[in-house]
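First listed ligand is number 1; within each ligand, the first listed atom is number 1. The basis for the numbers below is simple: all heavy atoms, side chains too, and nothing from hydrogens, waters or symmetry mates.
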Amino acid sequence: MKIVRVQDIIGTEREVSDKQWTSRRLLLKKDGMGFSFHETIIKAGSEHTFWYKNHLEAVYCVAGNGRIKDLATGEVHEITDGTLYALDKHDKHTLYGGTEDMRLICSFNPPVTGREVHDEDGAYIADTD
Ligand code: 9YT
């Protein structure tokens, strides 16, 4: 059994951030679970376009608020505590931070390795291991 505490991840290589978002990778590919598990904070008022072409992702909001726009249809959905979105079609999307920082719990299949960076499309490269 593994016990992971987010406070032990802060400031390590498992925490990635820029001014507008922070993501803490509680579980990565090397943890051997078949998925990765993250806590992502999206800053209030910020905007992010992501397109995980090589991954499926489920995201569950536990605090704060924001919106997600499906860039294929233009549909916009409110996100608050208790909302889950699943990118089951590798959906290209824009996330908008709301009036408070949004705290999201995310899981990726296949798992993120920790070496990915967002490319020009907002995608992560495929894991070639
Ligand atoms: C909200 C969202 O898509 N979070 C994904 C995790 C984050 N991009 C990471 O850990 O790299």
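Checking only distances, Y52 does come within under 3.5 Å of ligand 1, N or O to N or O. At least one N/O-N/O distance between T40 and ligand 1 falls below 3.5 Å.
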Quick one: do D31 and R14 satisfy salt bridge (Lys or Arg N to Asp or Glu O under 4.0 Å)? Show the steps, please. CA-CA 12 Å; D31 293 302; R14 284 182 181 246; 3.1 Å; yes

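The contact set between ligand 1 and S23, taken as ligand atoms under 4.0 Å from a residue heavy atom, comprises 6 (C), 7 (C), 9 (C), 10 (O).
For E13, the CD atom is loosely surrounded, since the number of other residues' heavy atoms within 6.0 Å does not exceed 12.
Taking the six-membered ring where tryptophan is involved, the planes of F50 and Y52 are essentially parallel, since the angle between them stays under 30° and well short of 60°. The aromatic rings of F108 and H38 lie tilted to each other, with the angle between the two planes from 30° to 60°.
The option with the heavy atom closest to atom 1 (C) of ligand 1, from among L104, I105, V112, is L104.
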